[in-house]
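We name chains A, B, ... by the order of the sequence lines, and we start the count at 1 in each one. Because only heavy atoms are used, hydrogens play no part in the values below, and waters and symmetry mates are left out as well, while side chains stay in.
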Protein chains: 2
Amino acid sequence: MAQRKPTITDVARTAGVSKGLVSFALNDKPGVSPETRKRILDIAGDLGWRPSLSARSLSTSTSYALGLVIRRKAEVISADPFFPAFIAGVESVLAEEGRALVLSVVPDAAAELRSYRTLAGDNRVDGVFLTDLRNADERFGLLAELGLPAVALGRPDPAVPFPSVQLDDTRGIAEAVAHLASLGHSRIAHVAGDPHMMHGGRRRSSFDDAMRDAGLDPALVVETDFSASSGADATRRLLDDVRPPTAIVYANDPMAIAGLGVAQQRGLRVPHDLSITGFDGTDISGYVYPALTTITSDPVEWGRVAARSLLELVASGSVDSVELPPASLLIRASTGPAPSHRGSDAAHS
Amino acid sequence: MAQRKPTITDVARTAGVSKGLVSFALNDKPGVSPETRKRILDIAGDLGWRPSLSARSLSTSTSYALGLVIRRKAEVISADPFFPAFIAGVESVLAEEGRALVLSVVPDAAAELRSYRTLAGDNRVDGVFLTDLRNADERFGLLAELGLPAVALGRPDPAVPFPSVQLDDTRGIAEAVAHLASLGHSRIAHVAGDPHMMHGGRRRSSFDDAMRDAGLDPALVVETDFSASSGADATRRLLDDVRPPTAIVYANDPMAIAGLGVAQQRGLRVPHDLSITGFDGTDISGYVYPALTTITSDPVEWGRVAARSLLELVASGSVDSVELPPASLLIRASTGPAPSHRGSDAAHS
DNA sequence: CCGCGAAACTAAACCGGTATAGCTTGACCC
DNA sequence: GGGTCAAGCTATACCGGTTTAGTTTCGCGG
């Protein structure tokens, strides 16, 4: 019963035509009469014919797959809520296009470059997504050398020689700072991400800008690697200051949650004594206490759009950059009036 | 400068032999004299020859890739810290074997089955990992029909017709219950996972067993879908009871964190009024306040072992099931003596 | 010194598609 | 009525490996 998968030759034989013609018919190429084309398609359907991916790959040297290389240490990978959601978005598009996603998780820069080389050399993917853009990114040159199409994720930047799917996350930071300033906060700190990553640096500089716009001093900034533990460390450092901040803007949710933990451990009430904002709008951020005021983007949609862009780029050789709706502030319970505006409760702790 | 990738024919030509012989030499097949073999290998190395994956796939009908299908809705995928870590473990093994991981994220059962069919039909992967085992799992029959090798993740179960990589998570639950009982808790509740998933049901039944072993009544159980929001709901339900529990054992960390949030919102102090345990030992669980007592497994190692098993299964046609070190209790700050043992503070709230 | 078998190697088929060159056929034009 | 051209189709090369059948070479026993 379970017989061999039919090949294009089987279709040709039963249709009484050459296999070349079958190939034309199936790929909507000219040179086939409408009746014959229909007959061939019908027969292919009846036989349950499905093209062989490897045969097609061999003759067209395309793989019908896209690649995503994530450079992140195994210990901290779970802390980043962006990727699973992004991948889910990518998949929703690829599934209906019959494409697959090849994922590669690597611990360091050397392995990362090796991974791109292998993906390209093995012709395993037709294009790749470029995330976590860094300043002076070594990948730009490599991908150009390999001739691998790529779509970058992040803000437009003249230094990025690829089409990109952009999301303005600076607006969210600006909103957060404005929100806090309007609540009377003046000592607002920023727990920044990795300065070597573009989004880390960008969020930081937009923090600087927003602070200056509010007439405040953006001096309280601590750099981290985006991990929860570094977020906790940074928080401790800030709170140990002789004049600790009354509000902290974190560059991602896990760090904000860790910061919340540190504050509570020290007996500070949030937002009574300290206001906190996160970044990402992760599921869990709505369920901690107090629920986190955070800056939301839509990583699922980001994945969808990026997938469509990369497919387009692979198919046509070029694609326009896309700008997604900017990240915006979601105000929940972790932000409130600055302590000094209600008295000096915090001093008693 | 950047010239065409050398093919096996190029190697054969420069070595002055037939390409068949080159293939033999490169694959360690008999019928090649030692000197000739060395010469061929040297030349292949000099030329920088790398076999073409698609050509090899076509003639051997193997893809040198493994598949992982994750069935999870886009909105909740980020809540599950297991997969990123598991994938990182898988990748660490695949990278050194020159294999790739093809990932598929699907929202529902129909898409899941379609995904396996496509992966197999396209010969996109040589084998798959089977996670989130369910009772009467439809995938078992499908994979058998497709002839796709699979390694299951979970506890051994006679109903699972595949070799598996097992981790005894019941022991952790038992330890958690014993720990709480020894602290004087008697009204211990369980926020269980999805009962249709094997690990959900298993954790629940091991909770039942552990409670009975401690001479307690395992009546307070709420079933969820493992998401943070359902964990919060379940917690509210339990705390609304006329005789609320003094300790809650959660089936995963995100639900425990959400539960912690609910408790704090109601003015309950953890662990003073309510003890809480999580499950998974996620990074973030150590940074909430109070730090979560949780049951730790090692998903990265799980991924490594599973990858090795599946590779072995694909290569040799069979592999023994593997048992990993059992999950164990990591006691942190979210568990403490039962309220009644210190007085009736909780009653005042 | 012949015959035989194994070792070393070659030639060619094969996997299942795509792409190109060439062959028929019929319509159209002058 | 012969020439031209396009449409429709066939035959075949090709992608780059693997694998099988067949050929040459050589050592060795009788």
Side-chain angles (χ1 to χ4, degrees), chain A residues 3-41 43-44 47-65 98-99 118 120-124 126 315, chain B residues 3-41 43-44 47-65 98-99 118 120-124 126 315:
Chain A
Q3 57 223 19
R4 214 178 87 271
K5 255 187 80 172
T7 72
I8 202 172
T9 310
D10 299 323
V11 177
R13 195 175 331 105
T14 41
V17 296
S18 72
K19 67 174 196 168
L21 196 65
V22 175
S23 175
F24 290 156
L26 293 164
N27 294 306
D28 276 327
K29 298 250 171 101
V32 190
S33 76
E35 312 87 66
T36 313
R37 181 186 306 273
K38 178 170 185 338
R39 193 160 51 88
I40 292 176
L41 291 180
I43 290 175
L47 259 48
W49 176 83
R50 302 236 9 222
S52 151
L53 205 59
S54 26
R56 195 176 261 186
S57 290
L58 180 56
S59 57
T60 61
S61 45
T62 48
S63 57
Y64 300 91
R99 256 78 169 182
T118 309
D122 286 353
N123 195 27
R124 189 85 82 163
D126 300 327
Chain B
Q3 57 223 21
R4 216 180 81 272
K5 257 186 77 172
T7 73
I8 201 172
T9 309
D10 298 323
V11 177
R13 192 173 334 104
T14 42
V17 296
S18 70
K19 68 174 194 168
L21 195 66
V22 175
S23 175
F24 290 155
L26 293 164
N27 295 306
D28 276 327
K29 297 251 171 98
V32 189
S33 76
E35 314 86 66
T36 313
R37 180 184 307 272
K38 178 170 185 335
R39 193 159 50 89
I40 291 175
L41 291 179
I43 289 175
L47 259 48
W49 176 84
R50 301 238 8 224
S52 150
L53 205 58
S54 27
R56 194 177 264 183
S57 291
L58 179 57
S59 56
T60 61
S61 45
T62 46
S63 58
Y64 301 92
R99 257 77 169 182
T118 308
D122 287 352
N123 195 29
R124 191 84 81 163
D126 300 326

Item to complete: Report yes if some heavy atom in the side chain of A/Ser23 is under 4.5 Å from a heavy atom in the side chain of A/Ile8; otherwise report no.
Response: yes
Between its two end axes (five pairs each) the helix from C/dC1-D/dG30 to C/dC30-D/dG1 turns, nearest 10 degrees, through 60°
On a heavy-atom basis, the closest approach of A/Ser57 and A/Ser63 is OG-CA, 3.9 Å
Nt span of DNA chain C in reach of chain B heavy atoms at under 4.0 Å, 5' end first, is C/dA8 to C/dG16
* Asked: Taking the side chain as C-beta and beyond, is there a heavy-atom pair between A/Trp49 and A/Leu26 under 4.5 Å?
  -> yes
Output yes when a side-chain donor or acceptor of B/Arg124 lies under 3.5 Å from a complementary backbone atom of B/Thr118, and no otherwise.
-> no
Contact check, residues 32-41 of chain B vs DNA chain C, heavy-atom distance under 4.0 Å, returns B/Val32, B/Ser33, B/Thr36
Between the protein and nucleotides 18-22 of chain D, are there any N/O to N/O pairs under 3.5 Å, and if so, what are the atom names and distances?
from	atom 1	to	atom 2	distance (Å)
D/dT18	OP1	B/Asn27	ND2	3.2
D/dT18	OP1	B/Arg56	NE	3.3
D/dT18	OP2	B/Ser23	OG	2.6
D/dT18	OP2	B/Asn27	ND2	3.4
D/dT18	O4'	B/Ser59	OG	3.2
D/dT19	OP2	B/Lys29	NZ	2.5

When rounded to the nearest 0.5 Å, the distance separating CG of B/Leu53 from CG of A/Leu58 is 11.0 Å
By side chain to side chain contact (heavy atoms under 4.5 Å, CB included), A/Leu21 pairs with (sequence neighbours left out) A/Val17, A/Ser18, A/Phe24, A/Val32, A/Thr36, A/Ile40
Quiz prompt | B/Asp122 side chain near A/Arg50 side chain, heavy-atom distance below 4.5 Å | solution = yes
Output for pair (B/Leu41 CG, B/Arg39 CZ), nearest 0.5 Å, gives 11.0 Å
Taken to the nearest whole Å, CG/A/Leu58 to P/D/dA13 is 17 Å
Shortest non-hydrogen pair, A/Thr14 vs A/Leu47, comes out as OG1-CD2, 3.8 Å
Review point. When you measure from the side chain of A/Ser54 to the backbone N and O of B/Ser54, does any donor-acceptor pair fall under 3.5 Å?
Key: no
Here the salt bridge (charged side-chain N to carboxylate O under 4.0 Å, His left out) pairs for residues 13-30 of chain A, sequence neighbours left out, are A/Asp10-A/Arg13, A/Asp28-A/Arg37
